[in-house]
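Reading through the structure tokens given below for one structure.
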Amino acid sequence: MDSTHGDGSSSNSMAATSSSHQGSTSTRRDCGRAKNNQLRLYTQVKETPYTRLCSTKNILTVNGQFPGPTLYAHKGDTFYVDVYNKGNVNITIHWHGVKQPRNPWSDGSEYITQCPIQPGGKFSQKIVLSMEEGTLWWHAHSDWSRATVHGVIIVYPKHGTSYPYVKPHTEVPIILGEWWKSDIRAVESEFLRTGGNPDTSDALTINGQPGDLYPCSKPGTFKLVVEHGKTYLLRMANVGMTDLFFFGIAKHQITVVGTDGTYTKPLKSDYITISPGQTMDVLLQGNQPPDHYYMAAKAYVSTVGVPYDNTSTTAIVQYKGKYTPSSPPPLPHLPPYNDTNASATFTGSLRSLASIDHPSTVPLNMTTKLIFTVSVNTVPCANNNSCAGPNGTRLAASVNNISFYAPSNIDIREAYYKHINGVYGDKFPNIPPLIFNFTADYLPLVLEIPQRGTEVKVLEYNSAVELVLQGTNFVEGADHPMHLHGYSFYVVGWGFGNFDKNKDPLRYNLVDPPMQNTIAVPKSGWVAIRFRASNPERHLTWGMEMAFIVKNGKTPDAKISPPPRDMPPC
């Protein structure tokens with residue numbers, strides 16, 4: 001993958017693989033090996049100047065690259081990443097979609113599974129790949145550092161096996177993100193101070209570049225050079241902080257063949273909807289007349305009355321050959337920014353491959369059923385001041401009306417592991433504490449105010465869990481992206497309105513539902529997921545945060561591994 005630095009130069013990404021790449025772009029092997037012949041990578045988190053939109057600022061990067069290095073591995077590999085924090089803020093690195101069986105210590109969720117790596121500190125993270133196959137990604141899990149500290153993980157099939165589709169000619173990361181002219185930490189500090197919404201981004205990006213439609217951006221626009229008749233695999237990730245995206249390529253249909261590190265039945269479409277945190281494997285066939293064509297992304301926004309970045313980022317699909325390219329290149333026809341039906345129709349069309357080699361193993365006999373409401377709430381402004389939220393309040397968020405409060409001097413994993421009392425409670429409710437019409441257009445203001453707490457839900461090892469995520473229309477009814485750490489889950493059902501526990505399960509797809517680790521709960525709707533809690537002492541962290549603790553099983557391979565010696569101190 002080519003990443004362009006602030007001075008406009010480009011360099012190859014650092015590779016992380018124990019074997020040859022299958023169709024990858026050129027790489028540089030500047031990494032060492034552990035004694036057991038497992039790969040070891042050395043990474044530095046540091047400030048680096050980058051220029052976008054006519055101005056230069058320092059951003060936090062990994063190895064000076066934005067986006068960060070692409071990591072290459074094979075299914076079942078284990079590798080180590082030595083993270084050196086050369087920046088001036090705390091940092092953690094999360095391996096998004098990597099299940100890390102029995103190894104929560106390296107998950108990288110700040111104050112949940114670890115304390116952050118402090119400036120000048122180091123942490124050696126062990127990354128254990130198991131059933132993942134496809135595209136995942138890594139990112140900072142401290143505050144909003146993720147806006148610039150991120151990169152793609154490509155997990156190839158095991159040696160001796162192949163893709164369940166025709167091998168592409170070339171594979172290319174396509175990373176959708178956002179760019180603020182202001183320092184990202186200042187953006188975060190300001191909306192936390194005022195209690196309102198964050199400032200909208202100044203540009204959307206493809207592979208770190210805004211594209212032709214923004215000032216001072218045309219020279220850096222990402223270009224994908226293709227040959228007529230060949231197929232290209234786009235390894236896509238939405239690394240955005242706030243936005244779901246519509247994405248498409250002018251005059252080309254694209255075919256989705258995977259999402260979140262698992263394969264799907266081929267789904268042809270003129271566009272995709274991709275949530276923050278989600279990854280997709282998308283095939284592009286070079287089957288159009290030689291020309292230049294824009295690939296483009298724009299925000300999908302279901303919230304009414306809230307500012308958003310209404311610009312479009314572009315990159316160029318450039319066919320090889322001698323011809324006079326169209327000027328400007330044609331743009332794809334993407335759905336309107338607020339087309340909820342278009343978003344839901346695409347997402348609801350995904351199906352797992354459910355083949356002999358890639359079976360679907362949906363839990364059928366459920367032992368634990370949970371219903372969680374996910375809400376944007378308000379809380380009174382402190383000291384009778386006026387905040388920037390609705391009616392002078394401060395915006396908050398909650399799951400089952402509990403706004404999660406993270407500890408600051410110890411992480412929950414350590415408190416659980418060492419039996420330290422007083423850090424968290426274990427009384428997170430199985431169902432909403434109040435039952436009402438969650439998706440009504442107008443809801444009583446008294447219901448908007450959540451409780452604050454550090455409550456977790458404890459699950460027995462190997463329990464079969466069904467979790468219904470119910471959106472609410474408090475304050476800013478919207479799509480809510482949700483991510484499950486340590487597991488992938490089957491999306492067995494979704495719908496608009498309030499979940500009906502008697503009728504809606506009759507429509508579940510228990511044959512070939514998509515397996516994902518990130519899902520957007522639709523505005524005024526719900527999503528039902530199923531998973532088996534077979535990864536001990538794991539957690540579930542939402543943008544609206546809450547946590548699961550999964551107990552140890554009885555056999556050695558069902559118990560959490562001992563902690564590493566170099567866990568960062570708080």
Query raised in the report: Passes side chain to side chain contact (heavy atoms under 4.5 Å, CB included), Y232 versus E227? Steps please.
Result: CA-CA 9 Å; Y232 298 81; E227 294 183 50; 3.7 Å; yes
Query raised in the report: H252 and Q288: side chain to side chain contact (heavy atoms under 4.5 Å, CB included), yes or no, with the steps?
Result: CA-CA 7 Å; H252 291 74; Q288 293 301 303; 3.4 Å; yes
Requested in this report: Kindly indicate, with the supporting measurements, whether the criterion side chain to side chain donor-acceptor pair (under 3.5 Å) is fulfilled by D291 and S326.
Outcome: CA-CA 7 Å; D291 202 344; S326 300; 2.6 Å; yes
Requested in this report: Begin with the C-alpha distance, continue with both residues' side-chain angles, and end with the deciding distance and a verdict on side chain to side chain contact (heavy atoms under 4.5 Å, CB included) for F247 and L176.
Outcome: CA-CA 9 Å; F247 171 88; L176 307 180; 4.2 Å; yes
Requested in this report: Apply the test side chain to side chain donor-acceptor pair (under 3.5 Å) to residues Q253 and S269: give CA-CA distance (whole Å), side-chain angles for both, the deciding distance (0.1 Å), then the verdict.
Outcome: CA-CA 6 Å; Q253 269 203 326; S269 181; over 6 Å; no
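For Y165 and Y163, the gap between ring centers is short of 6.0 Å. Aromatic rings of F66 and W179 (six-membered ring for Trp) have centroids within the 6.0 Å cut-off, being under it. Residues Y308 and Y337 place their aromatic rings such that the two centres sit under 6.0 Å apart. Proximity of the aromatic rings of F191 and W144 is defined here by a centroid distance below 6.0 angstrom, and this criterion is met. Checked against the 6.0 Å centroid criterion, the rings of H485 and H94 qualify as a close aromatic pair.
C381 approaches G392 most closely through the heavy-atom pair CB-O, 3.5 Å.
Once rounded to the nearest 0.5 Å, the distance linking OG of S488 with CD1 of I529 reads 10.5 Å. I117 CD1 to E110 CD: the interatomic distance, rounded to the nearest 0.5 Å, is 10.0 Å. Between the CD1 atom of I272 and the OG atom of S349 there is a distance of 13.0 Å, given to the nearest 0.5 Å. In this structure, N473 CG and T303 OG1 are separated by 10.0 Å, a value rounded to the nearest 0.5 Å. The NE2 atom of H141 sits 15.0 Å away from atom NE2 of H150, with the distance rounded to the nearest 0.5 Å. With values rounded to the nearest 0.5 angstrom, K268 atom NZ is found 6.0 Å from Q285 atom CD.
The closest side-chain donor-acceptor pair between S201 and D309 falls under 3.5 angstrom. Between the side chains of N377 and S398, at least one donor N or O sits under 3.5 Å from an acceptor N or O. In summary, the side chains of T378 and E448 do present a donor paired with an acceptor at a separation below 3.5 Å, with no hydrogens or angles considered. No side-chain donor-acceptor contact under 3.5 Å links Y300 and N338. Side chains of T518 and H96: a donor on one and an acceptor on the other come within 3.5 Å. Using modelled atom types and a 3.5 Å distance limit, the side chains of S524 and T439 yield no donor-acceptor pair. Checking N238 against S275 by side-chain atom types alone, no donor-acceptor pair falls below 3.5 Å. Of the N and O atoms on the side chains of T43 and N63, not one donor lies less than 3.5 Å from an acceptor on the other residue. Residues T92 and Q114 bring no donor and acceptor atom of their side chains to less than 3.5 Å of each other.
Other residues, nucleotides and ligands contribute only 12 or fewer heavy atoms inside 6.0 Å of the OH atom of Y405. Around CG of N287, the count of heavy atoms belonging to other residues, nucleotides or ligands within 6.0 Å exceeds 12. Heavy-atom contacts from other residues, nucleotides or ligands closer than 6.0 Å to NE2 of H333 number 12 or fewer. Under a cut-off of 6.0 angstrom, the local environment of NZ in K251 is sparse, with at most 12 non-hydrogen atoms contributed by other residues, nucleotides or ligands. Environment of NZ in K223: crowded, with over 12 heavy atoms of neighbouring residues, nucleotides or ligands closer than 6.0 Å.
Ion pairing of R193 with E190 is present here, as a side-chain N (NZ or NE/NH1/NH2) and a carboxylate O approach within less than 4.0 Å.
Of the possible polar contacts, none joining the R351 side chain to the L267 backbone as a donor-acceptor pair under 3.5 Å is found.
With sequence neighbours excluded, no residue satisfies salt bridge (charged side-chain N to carboxylate O under 4.0 Å, His left out) with D243. In this structure F346 satisfies the ring-ring contact (aromatic ring centres under 6.0 Å, His included) test with no other residue, sequence neighbours excluded.
F246 and Y271 have perpendicular rings, their planes meeting at more than 60° on a 0 to 90° scale where under 30° would count as parallel.
Each of T279, T259, D281 was scored for a side chain to side chain donor-acceptor pair (under 3.5 Å) with T135, with one residue passing: D281. The side chain to side chain contact (heavy atoms under 4.5 Å, CB included) with V172 is formed by just one residue from the set V226, L224, L233; it is L224. Screening V239, V98, T70 for a side chain to side chain contact (heavy atoms under 4.5 Å, CB included) involving W137 leaves a single residue, V239.
Y42 is not listed as a side-chain neighbour of V83, based on a closest heavy-atom distance of 4.5 Å or more.
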